[in-house]
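To start, the structure itself, in structure tokens.
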There are 2 protein chains.
Amino acid sequence: MGGAVRRRRVTIADVASHAQVSTTAVSKVLRNAYGVSAAMRDRVRAAIDELGYRPHNAARAMRGRTFTIGVLLPHINNPFFGEILDGLMEQLGGTDYQAILIQGGRDPQGEHRAIDALVDRQVDGILMIAPLGSKAELEEVAAGTPTVVLGPHEKSAVYDSVHDDDEAGAELVVEHLIALGHRRIAHIGQRDASRGRPAALLHTIRERTYRRVMAEHGLAGEIAVAATSYTEAGGHAAARELLARDPLPTAIFAGADLAAFGALAAVYEAGLTVPGDISLAGYDNTRMAGLAHISLTTVDQDGAILGRTAARLLLERLAGRSAAVDFSLSPTLIVRRSTARSGSPC
Amino acid sequence: MGGAVRRRRVTIADVASHAQVSTTAVSKVLRNAYGVSAAMRDRVRAAIDELGYRPHNAARAMRGRTFTIGVLLPHINNPFFGEILDGLMEQLGGTDYQAILIQGGRDPQGEHRAIDALVDRQVDGILMIAPLGSKAELEEVAAGTPTVVLGPHEKSAVYDSVHDDDEAGAELVVEHLIALGHRRIAHIGQRDASRGRPAALLHTIRERTYRRVMAEHGLAGEIAVAATSYTEAGGHAAARELLARDPLPTAIFAGADLAAFGALAAVYEAGLTVPGDISLAGYDNTRMAGLAHISLTTVDQDGAILGRTAARLLLERLAGRSAAVDFSLSPTLIVRRSTARSGSPC
DNA sequence: AAAGCCGTGGGTATCGTTACCCATTCTGGG
DNA sequence: CCCAGAATGGGTAACGATACCCACGGCTTT
């Protein structure tokens, strides 16, 4: 069914001859460039529609733009990234730009390959979500391609930064747990796989803030950290490790909801209850966290706003802005039923 | 810090002059083409390493390959897709191909735009995960670009199909619930947003199988379906709808784990328990489903194998195979604690 | 009325790589 | 020892779109 003829693709030259104008004229219309009369524009537009012309992206890339924005993210399994992307897509909706995604994985080598892949494909701009690379590495990329970094807090003169205030968020959680009477509060973090300066990575900030707030309340001796990864499996393993200690912690602050879900399973397996025996808090306010049977206390950082902002900043950069911008979003604590007074019965 | 000199990119010509050979020779080495001596190959390789040359993808695309595989998926928030991608990436690991992802969204228009975006970017091959388009639409794409479709069950002569046997999977669940003594078994499906022939879409198959098995056991009168979407929110809304009926269902079969999680919350909110009052089963065996506090009975379809297979088939096609392949994977039922005998106390 | 300017349209070199073809050297068999 | 044919290397015209330039006609300004 349907002719087996693999017809040659329609080019700008076909449009030009069909509209009886030069290829230059067609190109100008496509780019909204200066120097075309209204009549000419209409004729070319009509020819484009009639022939079903679509610009050849690779050919464009040879001379300049690709109208493509590359989005790097560690792995798609973190639902919070989905919320960021929703915001991003919304902001990109009205423009000519298309986002393509690429997974960097959990180690810097894989991330580096992924970034190279984007650069090789001549994307016009790059949005890096929670990248592991050092500031120097990111800046090298940003020197060649407009870049926005979402996550790490290191300000740069070459790229824009967007992040929630992780220090404030982590502080909210720990202060909340302390206010409930907890003293033996443990933390689930992410093992550091990055090179360079990890001080700016969000998991590092969350852990550091946990340590600081504990110390400020004279609880330095109670600090207990299990560093695995921000995944269900990581949270599960970390919680098992923490629950093997004596005395048991009375509260666990997981650096991400995903890890909190794994921890919840481990607590349950140990024959303990949340929040009866152990209070549990996460970070990200993913949709799962709000479901009634889980009802996880967590930190909300509105991924959609972060995504929209990142996209907006990138578009601004593509439009010519060169001064760097640093955008910080204040998080809020969402108290649910997974945290309760220490020692109190459920 | 660092020279502000935006240095020109290293091209094949630079490599050629550095190695004292022609650009043709360099190109041949890059493509492993016939007609290069070992000595020449070594010299060129050395020059490539010394200069840090990277092929310019757009230029390659002008002449043929891009070494890029486009992966279309509805939305990244379904964790099952992550497992598919893990398999895909693993299989693609040793090759020169890079996968880029693009979200199609939940309506056919958005999906169409996304597919166009991939085609415009001259990807060498396309993997569509759970696409909504009609067979005719998919075949039109496949006629121009090697394509593998993961999900819908319609065999085609132009593209390869990979899917789990959704009919077998859904049958396992419904038979399991009936064997436990349930009669009022409800189903949570996905509202159909597709054009063309929806009969082949996986959510249609799961629902149709549910209806068939119910009817085969003389339970046609007990059929109750709430069609929303395979998301937490969709499952939540659907379960609320089902729980408002009288008499209540004693079991709910959600077409996807994600929807089951939402349903779990709704059951909990209604003051009921799982599996005490209501048995609940999902589909996909996501990691969350296995966590102890959820312990969802579900169908395992090994996303990694599906992803690996899809990638393998696509590579075969890129290598020249033109005969279509249809790969079907048998799912298994994972019985956990969310399903129990009807009427029995917890 | 002459000079300059603006608005409009087109010619053409160019981006980096590949594939086709040709030129040269080398090898082995008659 | 000569010649056919294989092995190796290179020249060059594309691929499709863009951006710099120039040409031309009509209008305003002095």
Side-chain angles (χ1 to χ4, degrees), chain A residues 6-45 47-48 51-68 96 116 119-124 144-145 318, chain B residues 6-45 47-48 51-68 96 119-124 144 318:
Chain A
R6 175 79 140 280
R7 62 185 174 290
R8 203 176 54 80
R9 102 172 267 139
V10 179
T11 74
I12 207 175
D14 300 327
V15 176
S17 72
H18 190 261
Q20 308 265 45
V21 296
S22 69
T23 58
T24 300
V26 179
S27 176
K28 280 180 181 168
V29 172
L30 288 170
R31 292 175 289 128
N32 292 317
Y34 175 84
V36 263
S37 62
M40 161 126 253
R41 192 165 41 241
D42 292 345
R43 257 172 76 187
V44 171
R45 290 253 167 82
I48 286 175
L51 298 179
Y53 166 81
R54 296 189 63 87
H56 190 297
N57 215 270
R60 282 185 150 176
M62 294 277 306
R63 302 285 316 171
R65 332 270 289 269
T66 55
F67 296 98
T68 305
D96 286 335
D116 277 348
V119 173
D120 288 348
R121 277 157 191 77
Q122 302 279 111
V123 293
D124 292 336
T145 309
L318 292 174
Chain B
R6 176 78 141 280
R7 62 185 175 290
R8 205 177 52 81
R9 111 172 256 138
V10 179
T11 75
I12 208 174
D14 300 326
V15 175
S17 72
H18 190 261
Q20 308 266 44
V21 297
S22 70
T23 59
T24 299
V26 178
S27 176
K28 280 179 181 169
V29 172
L30 287 170
R31 292 174 291 131
N32 291 317
Y34 176 82
V36 261
S37 62
M40 159 127 257
R41 192 163 41 241
D42 292 345
R43 255 172 77 187
V44 171
R45 291 254 167 81
I48 287 175
L51 298 179
Y53 164 81
R54 296 188 63 87
H56 190 295
N57 216 269
R60 282 185 151 176
M62 295 275 307
R63 305 284 317 172
R65 332 269 290 273
T66 55
F67 296 98
T68 305
D96 286 335
V119 173
D120 288 348
R121 277 157 191 76
Q122 302 278 110
V123 294
D124 291 336
L318 292 173

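Atoms considered below: every heavy atom in the structure, side chains included; atoms not considered: hydrogens, waters and symmetry mates. Labels below follow one simple rule: chain letters A, B, ... track the order of the sequence lines, proteins then strands, and each chain is numbered from 1.
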Counting N and O atoms only, with roles assigned by atom type, does the side chain of [X] sit under 3.5 Å from a partner on the main chain of [Y], one being a donor and the other an acceptor?
X	Y	answer
B:D42	B:A39	no
A:T66	A:Q122	yes
A:R31	A:S27	yes

To the closest 0.5 Å, what do you measure between [atom1] ([X]) and [atom2] ([Y])?
X	Y	atom1	atom2	answer
B:K28	B:M40	NZ	CE	9.0 Å
B:R54	B:T11	CZ	OG1	15.0 Å
A:R65	A:N57	CZ	CG	11.5 Å
B:I12	B:I48	CD1	CD1	8.0 Å

### Message
Let's see if you get this right: which residues in residues 19-26 of chain B place a heavy atom under 4.0 Å from DNA chain C?
### Response
B:T24

Over how many whole Å does the gap from [X] atom [atom1] to [N] atom [atom2] extend?
X	N	atom1	atom2	answer
B:K28	C:dC22	NZ	P	14 Å
B:D14	C:dC15	CG	P	11 Å
B:I12	C:dC15	CD1	P	14 Å
B:Y34	D:dA6	OH	C1'	7 Å
B:N57	C:dT17	CG	C1'	11 Å
B:R65	C:dT18	CZ	C1'	12 Å
A:R60	C:dT14	CZ	C1'	17 Å
A:L51	D:dG16	CG	P	15 Å

### Beyond-backbone contact of B:R45 with B:V29, side-chain heavy atoms, under 4.5 angstrom
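They are in contact (side-chain heavy atoms under 4.5 Å apart), so the answer is yes.
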
### Query
With a 4.5 Å limit on heavy-atom distance, are the side chains of B:R60 and B:L30 in contact?
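A side-chain contact exists here, since the closest heavy-atom pair is under 4.5 Å.
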
### Message
Applying the side chain to side chain contact (heavy atoms under 4.5 Å, CB included) criterion to B:T68, which one of B:D96, B:D124, B:V123 satisfies it?
### Response
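One option only clears the test, and that one is B:V123.
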
### Summary
Smallest heavy-atom separation, A:A19 atom then A:R43 atom, equals O-NH2, 2.6 Å

### Task
Would you indicate which nucleotide in D:dT8, C:dG9, C:dA19 comes nearest to any side-chain atom of B:S37?
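Taking heavy atoms from C-beta onward, the closest nucleotide is D:dT8.
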
### Message
Rounding to 10°, can you tell me the angle the first-five-pair axis of the helix from C:dA1-D:dT30 to C:dG30-D:dC1 makes with its last-five-pair axis?
### Response
40°

Close N/O contacts between protein and nucleotides 13-15 of chain D (under 3.5 Å):
{"from": "D:dA14", "atom 1": "N3", "to": "B:R63", "atom 2": "NH1", "distance (Å)": "2.8"}

